[in-house]
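One-based numbering along the sequence shown. First listed ligand is number 1; within each ligand, the first listed atom is number 1. Everything quoted here is computed from the prediction, not taken from an experiment.
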Amino acid sequence: MTTESGVEVIKRESRRLRGDLASELGNGAPNVGAESEQILKFHGIYSGDNRDVRRSRTLAGEGLEYIFMIRVVVPGGTLSSAQWRGLDEITEKVADGTIRLTTRQAVQFHGVVKGDLRSLAQSLDRLYLSSFGACGDVVRNVVACPMLHTAEGLSDLASWSASLREAFRSTSQAHWEIFVNGDRFASREEVDERPFYAETYLPRKFKIAISHPEENCVDVFAQDVGLIPYRHPEFGPGFTVLVGGGLGRAYANEDTFARLADPLCFATESEVRAVIGAILAAFHDLGDRADRRRARLKYVVADLGLDAFRREVESRLGRELAPAPAAPERFGVDDHLGWRDLPSGRYQVGVRVGAGRVSDTEDGARLRSALRVIAETFDVTFSITAQQDVVVGNIAANDRERVAEILRAHRVKGVDELGPVERSALACPALPTCSQALTEAERKLPEVVSALEGALARRSLAGRSLQLRVTGCPNGCARPALAEVGIVGRTKSTYDLYVGGGPRGDRLATLYREKVALSDVDEALAPLLNRWEREAGDEESFGDFVTRVGLA
Ligand code: SRM
Ligand code: SF4
């Protein structure tokens, strides 16, 4: 008989995610107990410690420096000027002075102490934002291509991220009682929780993304449910529904793997909520509740097989699913960087953030200040992309030059100043905040970028783009499993190298070298770069080349 995991017991006994949080938050200790750590995740809060000082403090006989990470849900990734100003104030007051944009279009605050968690939640509430449901075994932030908001004829699709988030989010009075105002009756939630989550919620996190019909900046194949907008010749507008993608792996469990989502069906716009509801119900019933490492939907789909999984969904939906259309013929990539004019006559500018860390650097760009000044001066929008960048949108024609001047004055790089690797490189936070990190990632990204740009420049490959993604462990938060070059923390000082993915996000990279020091990455890749230089045409990307010749 399989026993349920400890987290399942904690969820069930938590009284709808209350547990002992209220008393633990007020007890004067700098941290919370193990059970509260699990419940806090559902409230969008991770407890951890500053790993940079862990050793020195332990040797000195001092306690750990406990710090919390708060993740804020931003469906579809778009914030108003007022919200951006509010987030900037929050980090100034209670976090580490940075705003971290995530690969799922959310916002994270790092370095918050326990005593500030309540005031932070209250500040978010005043901005009509919340961290509740950003983490935990629930439907997470619904990601959407930012172009859906701005491209001609697609504005109806833009509202889908908010509408799906609303349909499937977890609801809680507990968050109001414990964090916001202590008053159950002032809660904006009508119910304590929706029936489909039941007492034990989902077996694990659940991720949904909506791509552009012809563009995959959101990595739609990496999702539990991916939606590709499609106008069906017979049934009308709707979505190709993909199912069972996910990238996390664990070295300790060989039965874990990265997986691309499979096309499950076509669903019209009026059907898609019911179809996702049936997929969630199947996951709720069939997901592994004993081993959290194998609890994601991708293992249910892989273990049952797509056809059997489809039958599970159909039985819960009460009807047959329509066959999935073929994959889009043109599924390109757009990083949304640089200036664009919009059909509305307004403008947008996509700004490279660099591992999503909006901050002011002493000797470089003062991006945080630049974005704050823009938010203080103009009524614009701030859209976070799945590439950890920000698109400032809805800029009036008269304001275009002033926005450009603010960015220049703060030394924020324009798109033409970005290096070919720098432009698309991603990294996860890793050390010092991530409890699961084996190695550095974000902090070492500039070093790796410059090593690879140097390697390209030494060959006749200067200016060729190369997609790099670095993570501090195989959980894969910056999606290295889909990259042309994926660098994944393996031991304390080494990384595994993956090659052969690509910006279209429809191919998994292959393990190329194990346990390589970061300083040796360009040398390890040298044989592949040499052949790419000699044998590939100008149009063939690195990922396509190594896949074609069988090096990946
Ligand atoms: Fe992630 C856990 C950061 C996107 C797979 N992820 C974590 C935690 C919370 C560490 C932890 O559990 O203690 C990291 C917080 C670090 C810190 O210090 O802030 C973390 N994940 C991130 C972010 C911030 C990375 C980034 O550079 O932006 C992304 C936040 C997304 C969001 O806004 O919701 C982030 N994580 C992803 C993605 C990419 C995606 O979803 O598009 C993946 C791979 C796709 C997938 O889910 O398969 C991903 N994160 C994981 C996993 C592996 C899950 C699994 O299936 O085994 C973990 C570990 C876990 O859940 O136990 C994890
Ligand atoms: Fe942490 Fe690993 Fe995710 Fe990086 S990939 S943020 S090290 S869990």
J.: Pick one: which of L337, V358, D389, L367 meets side-chain contact (heavy atoms from CB on, under 4.5 Å) with V351?
T.: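 One option only clears the test, and that one is L367.
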
J.: Which atoms of ligand 1 have any heavy atom of K207 under 4.0 Å away?
T.: 36 (N), 37 (C), 38 (C), 40 (C), 41 (O), 43 (C), 45 (C), 46 (C), 47 (O), 49 (C)

J.: Output the list of atoms in ligand 1 that are nearer than 4.0 Å to some heavy atom of R293, sorted by atom number.
T.: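 Reading through ligand 1 atom by atom, the close ones are 57 (O).
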
J.: Can you tell which part of R292 has a heavy atom less than 4.0 Å from ligand 1: side chain, backbone, both or neither?
T.: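 No part of R292 comes within reach of ligand 1.
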
J.: Which atoms of ligand 1 are found less than 4.0 Å from any heavy atom of M69?
T.: 15 (C), 19 (O)

J.: Short check: is a protein heavy atom less than 4.0 Å from atom 31 (C) of ligand 1?
T.: yes

J.: Please state which part of A209 comes within less than 4.0 Å of ligand 1, counting heavy atoms only: side chain, backbone, both or neither.
T.: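 It is neither part, as no heavy atom is under 4.0 Å.
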
J.: Which of the atoms of ligand 1 are close to A106, meaning less than 4.0 Å from one of its heavy atoms?
T.: 33 (O)

J.: With a heavy-atom distance limit of 4.0 Å, tell me whether H110 approaches ligand 1 through its side chain, its backbone, both, or neither.
T.: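 Only the side chain of H110 comes within reach of ligand 1.
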
J.: Is R100 near ligand 1, meaning one of its heavy atoms is under 4.0 Å from it?
T.: yes

J.: Taking non-hydrogen atoms only, is Q388 closer than 4.0 angstrom to ligand 1 via side chain, backbone, both or neither?
T.: side chain

J.: Consider ligand 1: state whether an atom of it lies below 4.0 angstrom from any non-hydrogen atom of A427.
T.: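 So A427 counts as touching ligand 1.
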
J.: I need the atoms of ligand 1 closer than 4.0 Å to a non-hydrogen atom of R204, numbered in the order shown.
T.: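 It comes down to these atoms of ligand 1: 60 (C), 61 (O), 62 (O).
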
J.: Atoms of ligand 1 less than 4.0 Å from G246 heavy atoms?
T.: 48 (O)

J.: Short of 2.8 Å from atom 4 (Fe) of ligand 2, name each protein N/O/S atom, waters not counted.
T.: C428 SG

J.: Quick one: which ligand 1 atoms are inside 4.0 Å of a heavy atom on C434?
T.: 10 (C), 16 (C), 18 (O)

J.: May I ask whether K298 places a heavy atom under 4.0 Å from ligand 1?
T.: no

J.: Is the contact between C477 and ligand 1 made by the side chain, the backbone, both, or neither, using heavy atoms and a 4.0 Å cut-off?
T.: both

J.: Could you establish whether A478 and ligand 1 come within less than 4.0 Å of each other, counting only heavy atoms on the residue side?
T.: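 No; A478 lies far enough from ligand 1 that no heavy-atom distance drops under 4.0 Å.
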
J.: When rounded to the nearest 0.5 angstrom, what distance separates CZ in F239 from CD1 in I276?
T.: 8.0 Å

J.: Should S435 be listed as contacting ligand 1, given a heavy-atom distance under 4.0 Å as the test?
T.: yes

J.: Classify the side-chain pair S163/R273 by whether it contains a donor and acceptor separated by less than 3.5 Å.
T.: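 Side-chain D/A pair, S163 to R273: present.
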
